[in-house]
Amino acid sequence: MNEIKVSIIVPVYNVEKYLTGCMESLVNQTLKDIEIIVVNDGSPDNSIKILEKYEKKYPDKVRVFTTENRGVSHARNYGMDHATGDYIMFVDSDDFIELDMAEKLYTKAVKDQNDLVMCARYNVYEVEGKTDLKRKAMNIFSMNQNFRMKDRKFELVHASPFPWDKLFKRTLLSGIRFPEGIRFEDLVLAFEAVATAESIGVVPEPLYNYRKTTQVGFLNSFSEATKDIVKAFTLLFEFMKEHDLFDTFHDELEYICTRHFFFRYESFYSDTKKGMLQLKKEIVNQTQDFLEREIPNWPQNHYLNYTAGPALKKHLNYYVDRNKTIKYVVLRERIPSKVYNLFLKLSGYKDKFVNKWRKFVKTKKKMAAINKKIRKLRIFKLFKKPLDLKYTKYYETLAVNDKLILFESKHGDDLAGNIFNMILETGRDKYRDFRILLVLRKELYETYRKLLQHYNINHVTFIELHSNEYLRALAAAKYLVTDTSLPPYYIKKPEQVYLNTWHGTPLKAMGRIVPDREYALGNVQRNFNIADYLLYQNEFSKDIFLKDYMLDKIYEGKVLLSGYPRNSSFFRTERRDIIRKECDLEGMQVIVYMPTWRGLLHKKQSKAQVEKIFGYLAHLDHKLTKNQVLYVKLHPYVKKSINYSQLLHVREFPSDYETYDFLNASDMLITDYSSIMFDYAVSKKKIILFTYDREEYLGDRGIYIGLDEMDLPKVDTVDELVAEINNEEYSYPKFYEKFCSLDTADTAKNVCDTVFLNEENKVKTEVYKKDKKDNILVFVKSIRNNEEDHKFIDSMNRMDINKNNFYLHFKAGAMKKSSEMLSLLDKEIGYLPLSPGRNYTMSEYIAFTLTFRFGIENTYTKNKLQSLAKREKQKFYGNTNFEYVINYSGMDLMLLHIFDNFQGKKIYYFQDFNLKKYNSSKKYRKNVQYALRNLLSYDLIIVPSSMKKLSEISPIKNKTLILDNEEAITIERILKEVK
């Protein structure tokens with residue numbers, strides 16, 4: 001067996017500045033059985049001396065060869081000839097690799113028997129004035145983990161044309177060489193190897209660091225050697241034809257070729273390339289000759305139409321033949337870039353207008369479209385107030401009505417279990433003096449009017465969601481109850497009592513642990529935090545919500561552990577016979593199927609769900625007997641798509657019964673990953689988990705309790721489901737004890753009396769108060785997937801959480817594209833996304849506009865901004881206080897005022913100050929100066945050295961920390977400075 005697992009080949013020429021960094025990343029690889037073959041390509045600098053030191057220090061690992069200068073291809077080929085490892089990697093000497101790159105790629109190759117493994121990379125940039133490098137992760141686009149390119153041909157168009165982000169089995173490269181004496185040699189070997197590999201593996205992590213500072217990229221390179229692109233594709237096409245692969249990959253090769261050719265054209269147009277028109281024409285003629293000769297039908301290539309980027313698509317009309325291409329190149333040569341860019345800008349405005357006009361002409365509701373556009377205008381707020389302005393007016397002017405109760409279920413879309421049962425209880429005599437409001441969407445009035453009439457509930461008044469009446473009720477109701485969240489513009493008054501019941505026991509991942517949605521919990525988290533009461537079915541639910549919505553260290557309110565009000569329905573045993581008689585179900589086995597919804601709000605996939613569910617229902621329909629009936633309740637997104645008339649034993653869940661009331665009349669529940677199982681278990685009736693897509697579903701959505709931990713039967717096929725339906729034996733004592741032991745017949749009654757009548761002795765109540773540690777809020781503009789922000793996360797994770805509670809703060813929208821970065825935070829460090837929107841009064845809106853759009857400041861505008869900031873602070877944070885508030889970056893000037901209302905110490909750090917922008921942008925300069933004038937109450941101002949002169953003439957100079965040499969400062973040091 002070969003002792004050398006991986007040979008790493010490094011061509012070296014004139015790179016003494018970066019060579020040490022490259023070699024350190026190689027000799028310290030976690031995979032020990034490697035050899036590093038360095039080929040000094042006649043380098044005239046001190047590279048050879050550096051290499052000799054490494055060869056002397058690591059004689060068993062580093063082998064140095066010196067050749068006359070013949071180019072990078074010759075050096076790599078020379079290295080391959082001397083390689084002895086089972087696998088080969090290529091590393092350019094001005095780049096560096098992650099210390100575990102060789103190990104991870106080799107482990108993947110051996111485990112899955114891959115003869116080529118690809119990985120992602122970092123693009124690395126040098127930042128002027130800073131020693132630290134900036135890194136940007138470049139994701140790999142492969143959709144498969146193990147595949148053969150012939151079987152997944154579309155993957156070829158996404159494969160990178162580089163050899164250094166890949167691990168090659170040495171036998172794969174037998175007969176494949178880098179062409180010598182030409183540029184673009186990388187793509188020849190890279191595409192030949194991926195096309196012939198029998199098994200390609202993928203490690204999606206970025207493991208290679210590609211130094212963009214020194215590389216001459218495809219897009220910006222242009223010289224006489226650019227014509228070598230034709231030679232490179234000539235060699236590639238010849239190889240593919242010789243190996244009978246050209247027809248197999250024809251469309252993919254066609255697209256790759258045209259894409260590379262046209263990228264060359266894109267490099268023609270900068271001002272620095274003016275005066276080289278003859279060379280540009282030669283490149284156009286040679287590439288167009290090749291296209292006409294080898295792939296004449298390239299304009300019909302489907303990848304060009306669907307996969308090409310916007311820049312390439314934009315110019316395709318010019319590139320369809322050489323005459324158009326040359327005319328366009330000549331035009332761009334003669335027109336100054338500034339003039340052309342102005343033309344593009346005007347042309348863009350024209351295209352935008354034409355597209356909008358065409359869309360408007362086609363629309364059937366033209367007045368509605370016009371009104372929508374008008375409402376988006378800033379000045380519109382002066383004439384027709386949007387919801388936040390209207391609500392704020394009522395918030396400021398209406399007194400709280402002690403006898404007004406507002407109920408809202410799922411944002412007006414439902415009258416669900418908890419809300420229904422609490423409304424039912426408010427029909428008792430002791431609530432006769434109260435006015436009960438139910439929020440609904442207008443189109444649901446008739447549906448729920450019939451439902452309430454069915455239960456003789458006639459003391460409820462409907463109000464339409466987001467109507468003026470709704471806004472007034474939000475501002476004036478003494479008691480507010482919801483099972484989701486109230487709108488982002490709602491501000492809780494101190495006199496109001498807010499109960500949040502939520503709408504289910506958590507099984508699926510929630511809050512911070514939902515992948516790719518970590519940033520999107522802002523308004524729900526805010527609602528929990530400002531609520532006076534949080535209601536949970538059990539200790540398990542309480543712990544999950546407080547932990548994963550990060551409330552456990554800052555929530556100051558009461559938690560009710562009472563079971564859920566909706567589960568009181570299961571104790572009304574007399575309803576079973578009544579409902580069965582009304583529905584003609586006497587003597588029948590009544591089964592209810594309530595599956596969870598598979599989609600996400602941003603990716604519903606409803607059609608696929610309907611097709612799969614209907615297939616199972618049709619199969620099950622044939623298996624049920626005449627004494628069995630199955631009622632199906634699906635999510636609103638998909639329920640209307642099922643045609644039950646085709647089924648004999650399967651029916652739609654009846655809409656004239658409240659869900660939990662009808663469940664009381666059933667004999668059995670079939671579900672999957674839905675929290676309905678925790679409620680239905682209160683009845684102690686049989687529950688079956690029909691988990692036909694268990695592996696797929698659980699792979700996408702995490703759950704808190706493993707299905708195997710539940711003492712409930714689980715089936716994967718219809719036949720198994722039928723067998724379990726007919727199996728009369730069942731028992732789930734552990735499940736019941738853990739999740740249902742607090743539910744009682746009086747839960748709904750007791751919760752109402754506790755919240756509305758202040759009779760707290762009826763329900764187990766836990767009072768939460770802030771602990772003794774200091775709360776520290778750190779606001780950042782955003783966190784991106786780059787080297788600098790990874791270091792920031794690392795520094796946060798190193799903070800002493802035994803002394804302080806840390807919360808990262810940011811605007812939710814700014815984190816949408818890099819949400820996964822939040823998952824890197826230590827779980828003991830919380831975060832608070834900031835939802836959009838401001839609750840202005842009209843006068844405050846005018847003051848805001850005058851100040852931040854027109855630069856007008858006076859006593860009036862300052863007072864109005866202060867009142868706005870005070871209200872915004874109450875809206876976002878409620879009674880939560882922070883002993884330290886650190887504005888770590890960003891120029892949100894309103895946030896500067898909001899933070900001013902915290903009682904603790906306040907720190908402002910001009911972390912992202914840009915002197916060049918300050919000197920060139922009038923608006924940016926005004927914003928910086930405004931910040932400097934309005935930080936008088938802050939305890940510490942931190943500025944980079946480039947701001948030294950500005951800070952010296954500002955009123956904050958006595959409490960300013962000036963950083964030397966653009967150094968970064970950690971949160972730990974900031975706290976030391978301010979203390």
Side-chain angles (χ1 to χ4, degrees), residues 491-492 494 511-512 518-519 521-532 534 542-543 545-559 766-781 783 792-793 795-812 815 822 825-835 869-870 872-890 892 895-909 937-940 942 969-979:
I491 308 171
K492 183 187 168 300
R512 75 184 299 167
E518 295 92 345
Y519 76 96
L521 49 80
N523 189 48
V524 173
Q525 182 192 52
R526 182 186 78 91
N527 270 258
F528 289 158
N529 194 41
I530 64 175
D532 297 278
L534 299 174
K542 179 201 72 172
D543 293 341
F545 277 97
L546 292 180
K547 179 181 178 183
D548 286 342
Y549 281 95
M550 297 162 281
L551 304 168
D552 49 340
K553 298 180 179 66
I554 59 171
Y555 178 64
E556 298 199 41
K558 297 175 181 178
V559 172
E766 294 182 359
V767 179
Y768 275 74
K769 293 288 185 182
K770 176 187 174 300
D771 62 23
K772 295 181 180 180
K773 293 189 286 187
D774 286 340
N775 286 338
I776 299 174
L777 187 71
V778 181
F779 177 80
V780 294
K781 185 176 182 180
I783 298 178
F792 176 78
I793 291 285
S795 70
M796 288 288 292
N797 290 342
R798 290 195 298 270
M799 298 304 296
D800 189 351
I801 57 176
N802 295 316
K803 294 181 178 179
N804 304 299
N805 299 322
F806 291 92
Y807 280 84
L808 198 63
H809 199 27
F810 51 84
K811 293 185 177 180
M815 284 298 300
L822 296 171
L825 278 172
D826 187 289
K827 293 302 181 284
E828 293 300 317
I829 295 177
Y831 59 81
L832 302 173
L834 195 60
S835 300
K870 187 176 180 180
E872 290 292 284
K873 190 260 184 184
Q874 178 66 23
K875 177 178 72 173
F876 288 127
Y877 314 101
N879 295 324
T880 302
N881 190 48
F882 293 89
E883 281 70 27
Y884 296 88
V885 180
I886 304 172
N887 194 331
Y888 197 82
S889 63
D892 188 313
L895 207 57
L896 178 153
H897 292 296
I898 293 172
F899 288 164
D900 207 7
N901 284 276
F902 281 105
Q903 297 174 4
K905 293 188 176 181
K906 295 170 282 289
I907 301 96
Y908 197 97
Y909 177 22
S937 65
Y938 277 62
D939 297 275
L940 178 65
I942 305 169
I969 186 170
T970 63
I971 302 298
E972 186 176 19
R973 184 183 166 190
I974 290 174
L975 293 174
K976 289 180 179 178
E977 292 284 348
V978 78
K979 287 179 180 180

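For the numbers below, each heavy atom of this structure counts, side chains included, while hydrogens, waters and symmetry mates do not.
- Aromatic ring pairs are classed by plane angle as parallel below 30°, tilted from 30° to 60° and perpendicular above 60°; the pair F902 and F882 is perpendicular.
- Nearest heavy-atom pair, I554 versus T880, reported as atom, atom and distance to 0.1 Å: O-OG1, 3.9 Å.
- Salt-bridge annotation for K553 and E828: present, with a side-chain N of the basic residue lying under 4.0 Å from a carboxylate O of the acidic one.
- Scanning all heavy atoms of the two residues, the minimum distance from Y519 to A812 falls at CD1-O, 3.3 Å.
- When each of K770, K772, K773 is paired with E883, the salt bridge (Lys or Arg N to Asp or Glu O under 4.0 Å) condition holds for K770 and for no other.
- Between F528 and Y549, the ring planes are perpendicular. Angles over 60° get that label, and only those under 30° would be called parallel.
- Closest non-hydrogen pair, L940 versus I974, comes out as CD2-O, 4.3 Å.
- For F810 against F779, the heavy-atom pair with the smallest separation is CA-CE1, 3.8 Å.
- The side chain to side chain contact (heavy atoms under 4.5 Å, CB included) check on N802 picks up D800, with sequence neighbours excluded.
- A donor-acceptor contact under 3.5 angstrom links the side chains of R526 and N523, judged on distance only.
- Legend: residues meeting salt bridge (charged side-chain N to carboxylate O under 4.0 Å, His left out) with K492, ordered by chain and number and at least two apart, are D532.
- Remark: Y884 pairs with no residue by the ring-ring contact (aromatic ring centres under 6.0 Å, His included) rule, at least two apart or across chains.
- Relative ring orientation between Y768 and Y555 is described as tilted, the plane-to-plane angle lying within the 30° to 60° band.
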